[in-house]
**Student:** 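Pasting in a structure now, in structure tokens, and then I'll have a few things to ask.
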Amino acid sequence: MTATQTAGRRYGGREAAQRQQERRTRLIQAGLDLFGTSGYASVSVKQVCSHAGLTQRYFYESFRDREDLLAGVYNDLIATIQAETAQAAAAAAPDVDAQLRAGLEVFIRTLAGDARMARLVLIEVVGASPRLEVRRREVLHEFAAMVAAVVGPLPAPEASSSRLAMTAMSLVGGVNELLVDWTLGHQKAAVEELIDLSYTLFIAAYRAISDQS
């Protein structure tokens, strides 16, 4: 058998790349489980590998270090949340009120429904490293852009684009901090109350900037 044939052969019917992806998925899941419960600072690479049922050799096959795994888990979660939020908002189009409500409901219920996810996305990545802090800020701007895309363009876009961007950012940041507070146990509201309050703020802001355009 030639070297090319050996490299390309299947093991158990699966290509090498597929097996590597499966190992990465197991490590991502282990990262979510451990970082989202014990906390990023308390978890070692060895613990992640043990939880995933893999050796450290396979950890370094997919990730440079523990921070790289945290970034991988975070980015995977954010991609899922963004896709589901955008899909919900799009399904409610063209009614802006309904789009805002649908997007907020999916966003908040997704995080509130999984304590591991909420802790990792809202708390564990904060200040974890300069790289992750840059990414976290990018994510806030990405969500703000999603909000702006739903409510815009306003009647006078040339005069209101800056105000719309700032308003969207303040709303996204406000909901983020509300959920941080809720995740830490400082707020005892039901999930429905979080959604209703956030929706009320979004609609009030939307009405205000629309009337001023």
**Student:** Measuring from atom OG of Ser42 to atom CG of Leu34, what distance do you get when rounded to the nearest 0.5 angstrom?
**Tutor:**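 Spacing of OG (Ser42) from CG (Leu34) equals 10.5 Å.
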**Student:** Does Phe143 share a hydrophobic cluster with Val106, counting links as ILVMFWY side-chain heavy atoms below 4.5 Å and allowing steps through other members?
**Tutor:**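 No: no chain of side-chain contacts under 4.5 Å links Phe143 to Val106.
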**Student:** At what distance, to the nearest 0.5 angstrom, does CD of Gln82 lie from CD of Gln87?
**Tutor:**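 Output value for this atom pair is 13.5 Å.
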**Student:** Side-chain donor-acceptor contacts of residues 117-125 below 3.5 Å, not counting sequence neighbours, with atom names and distances?
**Tutor:**
residue : atom : partner : partner atom : Å
Arg119  : NE   : Glu124  : OE2          : 2.8
Arg119  : NH1  : Thr37   : O            : 2.3
Arg119  : NH2  : Ser38   : O            : 3.4
Arg119  : NH2  : Glu124  : OE2          : 3.3
Glu124  : OE1  : Tyr40   : N            : 2.9

**Student:** Which heavy atom of Ile28 sits nearest a heavy atom of Gly72, and at what distance?
**Tutor:**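 Result for this residue pair: CD1-C, 3.6 Å.
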**Student:** Let me confirm one number: the CZ-CD distance from Arg66 to Gln47, rounded to the nearest 0.5 Å.
**Tutor:**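 Rounded to the nearest 0.5 Å, the CZ-CD separation comes out at 9.5 Å.
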**Student:** For the residue pair Ala148 and Ala168, what are the closest heavy atoms and their distance?
**Tutor:**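 Heavy atoms of Ala148 and Ala168 come nearest at N-CB, 4.3 Å.
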**Student:** Side-chain polar contacts of residues 127-140 - donor-acceptor pairs under 3.5 angstrom, sequence neighbours left out - could you list them?
**Tutor:**
residue : atom : partner : partner atom : Å
Ser129  : OG   : Glu67   : OE2          : 3.0
Ser129  : OG   : Leu132  : N            : 3.1
Arg131  : NH1  : Asp68   : OD1          : 3.2
Arg131  : NH2  : Asp68   : OD1          : 3.1
Glu133  : OE1  : Gly127  : N            : 2.9
Glu133  : OE1  : Arg136  : NE           : 3.4
Glu133  : OE2  : Arg136  : NE           : 3.2
Glu133  : OE2  : Arg136  : NH2          : 2.5
Arg135  : NE   : Asn75   : OD1          : 2.8
Arg135  : NH1  : Glu138  : OE1          : 3.3
Arg135  : NH1  : Glu142  : OE2          : 2.8

**Student:** Look at the side chain of Arg116 and the backbone N and O of Leu32, then say whether any donor-acceptor pair between them is shorter than 3.5 Å.
**Tutor:**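 The answer is no, because no donor-acceptor pair under 3.5 Å joins these two groups.
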**Student:** Quick check for you: to the nearest 0.5 Å, what is the distance between Ile195 atom CD1 and Glu105 atom CD?
**Tutor:**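 Those atoms lie 4.5 Å apart.
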**Student:** Looking at every non-hydrogen atom in both residues, tell me the closest pair between Leu27 and Ala52 and how far apart they are.
**Tutor:**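 Nearest pair, atom of Leu27 first, then Ala52: CD2-CB, 3.9 Å.
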**Student:** Between atom CG of Leu69 and atom CZ of Arg24, what is the distance when rounded to the nearest 0.5 Å?
**Tutor:**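 Reported to 0.5 Å precision, the distance equals 8.5 Å.
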**Student:** Examine distances only and state if a side-chain atom of Trp182 and a backbone atom of Ala189 form a donor-acceptor pair shorter than 3.5 Å.
**Tutor:**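 Yes, Trp182 side chain to Ala189 backbone: donor-acceptor pair under 3.5 Å.
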**Student:** Is there a side chain to side chain contact (heavy atoms under 4.5 Å, CB included) between Tyr60 and Val45 once you walk through the steps?
**Tutor:** CA-CA 10 Å; Tyr60 294 109; Val45 168; 3.9 Å; yes
**Student:** Just checking, is any N or O donor in the side chain of Gln29 or Asp33 under 3.5 Å from an acceptor N or O on the other one?
**Tutor:**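 On atom types as modelled, these side chains qualify, holding a pair under 3.5 Å.
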**Student:** Mind listing the closest non-hydrogen atom pair of Ala88 and Ala102 along with its distance?
**Tutor:**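 Closest pair (atom of Ala88, atom of Ala102, distance): O-CB, 3.6 Å.
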**Student:** Using a strict 4.0 Å threshold on nitrogen-to-oxygen distance, state whether Asp97 and Arg207 make a salt bridge.
**Tutor:**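 Salt bridge flag = yes for Arg207 with Asp97.
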**Student:** At what distance, to the nearest 0.5 angstrom, does CD of Glu22 lie from CG of Leu54?
**Tutor:**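 Rounded to the nearest 0.5 Å, the CD-CG separation comes to 11.0 Å.
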**Student:** List the atom pairs, donor and acceptor, that lie under 3.5 Å between side-chain atoms in residues 169-181 and the rest of the protein, sequence neighbours left out.
**Tutor:**
residue : atom : partner : partner atom : Å
Ser170  : OG   : Met166  : O            : 3.4
Ser170  : OG   : Thr167  : O            : 2.7
Asp181  : OD2  : Gln187  : NE2          : 3.0

**Student:** I'd like to know whether Arg109 forms a salt bridge (Lys or Arg N to Asp or Glu O under 4.0 Å) with Glu84, so could you lay out the CA-CA distance, the side-chain angles of the two residues, the decisive distance to 0.1 Å, and finally the verdict.
**Tutor:** CA-CA 11 Å; Arg109 286 194 187 280; Glu84 292 178 353; over 6 Å; no
**Student:** Just to verify, which of Asp196, Leu201, Ile203 counts as forming a side chain to side chain contact (heavy atoms under 4.5 Å, CB included) with Tyr199?
**Tutor:**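 For Tyr199, the side chain to side chain contact (heavy atoms under 4.5 Å, CB included) check succeeds only for Ile203.
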**Student:** Please evaluate residues Thr55 and Cys49 with respect to the criterion side chain to side chain contact (heavy atoms under 4.5 Å, CB included), reporting the C-alpha separation (whole Å), side-chain torsions for both, the decisive distance (0.1 Å), and the verdict.
**Tutor:** CA-CA 6 Å; Thr55 65; Cys49 292; over 6 Å; no
**Student:** With side chain to side chain contact (heavy atoms under 4.5 Å, CB included) as the test, would you mind laying out the steps for Arg23 and Ser62 before giving the verdict?
**Tutor:** CA-CA 8 Å; Arg23 289 191 290 270; Ser62 295; 5.6 Å; no
**Student:** Taking Thr110 as the fixed residue, which of Thr80, Ile81, Leu77 is the one that meets the side chain to side chain contact (heavy atoms under 4.5 Å, CB included) rule?
**Tutor:**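 Only one option passes, and that is Ile81.
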**Student:** Is it true that Phe59 and Phe63 have ring centroids separated by less than 6.0 Å?
**Tutor:**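 Yes.
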